[in-house]
**Student:** 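This is the structure, below, for whatever I ask next.
We name chains A, B, ... by the order of the sequence lines, and we start the count at 1 in each one. Everything numeric in this text was worked out from a predicted model, so none of it was measured.
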Amino acid sequence: MRSGLLCVDSGEPAPRVLEEPRDRSLIPSFDSIYRTYAPFVWRMACRFGVSRDAAEDVMQEVFMIVHRRLPEFEERASLRAWLSAIVIGVVRNYRRTVRRKEPMPAGQLRALEPDTLADGATRDPLQAAEHDEAVQELYEILEAMQQERREIFVLAELEELSAPEIAQALQMNVNTVYFRLRSARREFEQILFRRRARDARARGQR
Amino acid sequence: MKGLHPEAKALIEAAQHGEAPPPPETLARVQRSVLQRAAAIAGAAALTGSAGAVAKAAVGVSLATKLIVSGAAAAVLSIGLIATYPSSLAPARQPAARPRSALSVSVRAGAARAANSPEVQLPPATAAAASSDRLEELDPSQASGSAAAPLPQPEPRVAGRPDQRARPRALVSERPGSAATREATPSAGAPPLTSFDAPEGTPSAGAHARIPSETADRTSSSASLRLAAELSLLEHVFTALRRGQPEAALDLLERNETIVRDGSFEQEARAAAISALCQLGRERAARAAFQRFRSRWPRTPLATRLQAGCQALGGQ
C-alpha cells in the first residue's frame, strides 16, 4: 500500500524511492507500542516535572496522539524519538496549563509523592532510602533547570537517546543538539554543586 | 554520560534505580481510556459525514460520556469485545483464534483516513475475567460488495449453525459446540446478543467482532454482551454512514431493532437512523422519526444538532 504522501501522479516516472511501496508490516501496532513504551512515556513525563496523578493524563494524551498518528509514522524514523517529541509537546501544554491555573513558587512545582519511588519493601532499606533521595534530588534539579535544557538533558543523559534522535525529537540541527547539551550539562552540574554546598553548610552549622 | 561530572553521574544512576514504573492498573486504565476515546471519536467522525459536523460531534461526546459515566463500556472494552475494520482492508481470512495476549489497536495506514476503525483485541491485564473469554468472528467470507451493491432482504439470524458459511448472511462463524455457541443463547426470551445481522456489502460484512462467550459471572456477562452488541452495531452503523452508505446503516438498525430498543445507546442509534434517512432524501420519514425522537428525548442536544445537519428537519 502506498502512502498518500508518497504517491505522486505527475505522469512521469517517479524516482525510485517513490516507487517502493511502504511495507506497513514494518510499522509496529499500537498494542505493541503501548506495551513496550508506556513505562518510557510515564517515566519521561515524571522527569519533565509532571506529578504522578497528572502523568496518567499525560500518558493518555500521548497515546491518543500515537493512536491517531501512527499511520503517518515513518518506519525509518526512531520510534523513541517520535514518542519523545509527542511527550514533550504534551508536557509543555500541561505545564502551561498548570502555570496558568495554579502558579506555584519555584522549587515547589513538584512535590515527590512516595509512590513515585520504587517499592521500598522489596529493596534493601538503606539502599532504597539512598535511591529515593537520589530520585528526589534529581527531580528537583531537573525542575530547576531551564525548560529546553531540561528536555535535552533528559533525552540525552537519562533516556540515552542519540544526538540524531534528539535532533529528530526536538526538531533541531544535530550541531545545535550538541551545543545545547553542553549547556544543559553545565547547568545541571551547577545546580547540583550549589545544592551540595548548601547541604554542607547546613551540616556545618549543626 | 561521557561529559558529566562523576558526582552527577552517580546521582543519575542512583535515581534510575529508585524510580518506580507505572502500576499495572494504571497502564490498563490508560489503555482502556485511550481505546474508549478513540472509539467515541470514530463514532463522531462517522456521523459527521452524514448529518452535519455538529450533530456528529455531539453524538461522539454523548457516546464518550456514556462510556465513561456508565463504566459498563469499560468493562466491555476490557473484555475485548469490539473489533471492526473495513472489509476492504480485512485480510482474506482471519485465524479463528487470534492471540489474545494483548490489547491491540492497529489502525491501518489507509484505514485511518478512510474509516478510522480500530481493531481491538483482548488485553490479559485489563480484566481477569477476560482470561477465559472466547472470541468469535464475523465471517470474513462475507466481505464483499460495494456501496452500490443491492442489499439482500433481511433473513432471520441463526447463530451457531455449522453450515453458516454456505448461507449468504450467516454472520457468526461459530464452531459447533464452542463456548460461544453455548453462550449465544443466553436466557429464555432474551434476544441473542452475541451478534447482529448485517447485509452483505455493508461495512459490517467481513468485519470482525470478537465477542466473549464465557465469563465467571453470567449476569454481568449478559449485560456486557448486550452492551458489546450495541457498541458493535453502532460501530458498523457509523462505518456505513462514514462510507456514504446510509441505506446499509438503516438496514443494520432495522434488522437489529431488538438490540437497539431500550439499549444504552438507543438515542445514538435513533439519531444515526434519522441521519441516514436525511442522507437518503427520505424527508417525510426523517421528519416523523425526528418528531418521535424529540418527544422521547426532549432535552437531548442531539436534536438541535440533527436539525443543524439536516435541512429536512430545519422546520422542526
**Student:** Out of the candidates A:R47, A:R149, A:R185, only one should pair with A:E157 under the salt bridge (charged side-chain N to carboxylate O under 4.0 Å, His left out) rule; please name it.
**Tutor:**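 Answer to the salt bridge (charged side-chain N to carboxylate O under 4.0 Å, His left out) test with A:E157 among A:R47, A:R149, A:R185: A:R185.
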**Student:** Taking only residues at least two apart or on different chains, which pairs with a member in residues 36-46 of chain A satisfy salt bridge (charged side-chain N to carboxylate O under 4.0 Å, His left out)?
**Tutor:**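 Found A:R43-A:E159.
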**Student:** Using heavy-atom distances under 4.5 Å, tell me whether A:E189 contacts chain B through its side chain, its backbone, both, or neither.
**Tutor:**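 When you check distances to chain B, only side chain atoms of A:E189 fall under 4.5 Å.
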**Student:** I'd like to know which of A:L181, A:V41, A:I141, A:L138 tops the heavy-atom pair count under 4.5 Å against chain B.
**Tutor:** A:L138
**Student:** Select, from B:P22, B:A10, B:P23, B:A14, the one with the greatest count of heavy-atom pairs under 4.5 Å involving chain A.
**Tutor:** B:P22
**Student:** Can you tell which part of A:R196 gets under 4.5 Å to a heavy atom of chain B, answering side chain, backbone, both or neither?
**Tutor:** side chain
**Student:** State which residues pass ring-ring contact (aromatic ring centres under 6.0 Å, His included) with A:F193; sequence neighbours excluded, sorted by chain then number.
**Tutor:**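 Scan of A:F193 (ring-ring contact (aromatic ring centres under 6.0 Å, His included), adjacent residues dropped) gives B:H5.
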**Student:** Hey, could you give me the CD/CG distance between B:E19 and A:D132, rounded to the nearest 0.5 Å?
**Tutor:**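 Between B:E19 CD and A:D132 CG, I get 11.0 Å after rounding to 0.5 Å.
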**Student:** Does the pair A:E151/A:R180 count as a salt bridge with the N-to-O cut at 4.0 Å?
**Tutor:** no
**Student:** Could you tell me which portion of A:F63 (side chain, backbone, both or neither) has an atom closer than 4.5 angstrom to a non-hydrogen atom of chain B?
**Tutor:**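 Both backbone and side chain.
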